[in-house]
Amino acid sequence: LQAGDLWLTLVLYVSALWARMYIHFFAQYLYLRAFSIPLFRFEVQAHMVRFKYLFTSMTTGVEVGAVIAGPLAVVATLLFFTAVGHSLIKFVGRTPDWFSKFVAAYCIGSVLDPFLVLAVDLIAGNFGCSRLASCQDDYTSAACHCVEGDAFKLWSRLESEDAS
């Protein structure tokens with residue numbers, strides 16, 4: 001493995017992981033917009049995408065769909081990449097090395113997607129928003145910077161419904 005090839009591989013792997021993340025959250029965003037759920041905040045950052053909505057504006061089933069939409073879109077995109085690779089092999093006889101490396105990295109990211117999202121949510125503190133003083137009065141205010149991460153959305157919803 002030459003130094004240039006190593007750097008290209010690293011860039012492709014990082015790009016694939018970033019693409020996976022943006023596809024995950026963009027699919028959730030589109031899902032929420034399809035159900036006309038009002039979003040109070042939408043922020044694209046290098047390490048995550050944050051969007052805030054009130055769970056009271058949707059049914060539990062719609063929220064389950066929102067949580068599932070991200071990983072499903074990641075897997076659907078992997079299937080698309082696989083079909084492109086298959087087509088290249090069938091009609092051209094081979095796939096470019098860079099494409100194979102990108103798809104391999106994307107595949108790893110697809111398998112690890114829920115765990116990667118959970119890790120970022122834990123590190124960023126995307127949980128327990130209702131316990132923060134800045135969010136207790138008004139979750140939609142600009143002062144409340146917390147959003148519930150995917151792993152915590154349903155728990156937060158059910159905890160809130162039990163308390164009421």
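Sequence positions, counted from 1, serve as the residue numbers for this chain. On a predicted model such as this, the values are computed, not experimentally measured, just so you know.
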Contacts of Tyr13 that satisfy ring-ring contact (aromatic ring centres under 6.0 Å, His included) - sequence neighbours left out
none
If you look at every heavy atom in Ala27 and Gly70, which pair is closest and at what distance?
CB-CA, 4.4 Å
Search all heavy atoms of Ala124 against all heavy atoms of Arg50 and return the closest pair with its distance.
CB-NH2, 4.1 Å
Please tabulate, for side-chain N and O atoms in residues 75-86, each donor-acceptor pair with protein atoms closer than 3.5 Å (sequence neighbours left out).
| from | atom 1 | to | atom 2 | distance (Å) |
| --- | --- | --- | --- | --- |
| Thr77 | OG1 | Ala73 | O | 2.8 |
| Thr82 | OG1 | Leu78 | O | 2.8 |

Residues in ring-ring contact (aromatic ring centres under 6.0 Å, His included) with Tyr53, at least two apart?
none
To the nearest 0.5 Å, what is the distance between NZ on Lys153 and CD on Gln28?
4.5 Å
Is the distance between the ring centroids of Phe25 and Tyr29 under 6.0 Å?
no
Anything under 3.5 Å between a donor and an acceptor, one on a side chain of residues 92-99, the other on a protein residue two or more places apart or in another chain? List them.
| from | atom 1 | to | atom 2 | distance (Å) |
| --- | --- | --- | --- | --- |
| Thr95 | OG1 | Ser100 | OG | 2.8 |
| Asp97 | OD2 | Lys101 | NZ | 3.3 |

Any side chain to side chain donor-acceptor pair (under 3.5 Å) involving residues 107-120? Give me the pairs, sequence neighbours left out, ordered by first then second residue.
Arg20-Asp113, His24-Asp113
Spatial distance of atom CG (Leu72) from atom CD1 (Ile23) [nearest 0.5 Å]
13.0 Å
Side-chain contact test, heavy atoms from C-beta onward, threshold under 4.5 Å: evaluate it for Pro38 versus Ser57 and give yes or no.
yes
Between Val120 and Met21, is the side-chain contact (heavy atoms from CB on, under 4.5 Å) condition met? List the steps.
CA-CA 11 Å; Val120 170; Met21 176 188 66; over 6 Å; no
Among all residues two or more places apart in sequence or in another chain, which pass the ring-ring contact (aromatic ring centres under 6.0 Å, His included) test with Phe40?
none
Test Phe51 against Val147 for side-chain contact (heavy atoms from CB on, under 4.5 Å), laying out the working first.
CA-CA 7 Å; Phe51 46 88; Val147 295; over 6 Å; no
Using only the SG atoms, establish whether Cys135 and Cys144 come within less than 2.5 Å of one another.
yes
Measure up the Phe102 and Tyr106 rings against each other and bin them: parallel (under 30°), tilted (30 to 60°), perpendicular (over 60°).
parallel
Would you check if Phe55 and Leu154 make a side-chain contact, meaning some heavy-atom pair closer than 4.5 Å?
no
If you apply the rule side-chain contact (heavy atoms from CB on, under 4.5 Å), what do you find for Tyr31 with Val67, and how did you get there?
CA-CA 10 Å; Tyr31 179 87; Val67 171; over 6 Å; no
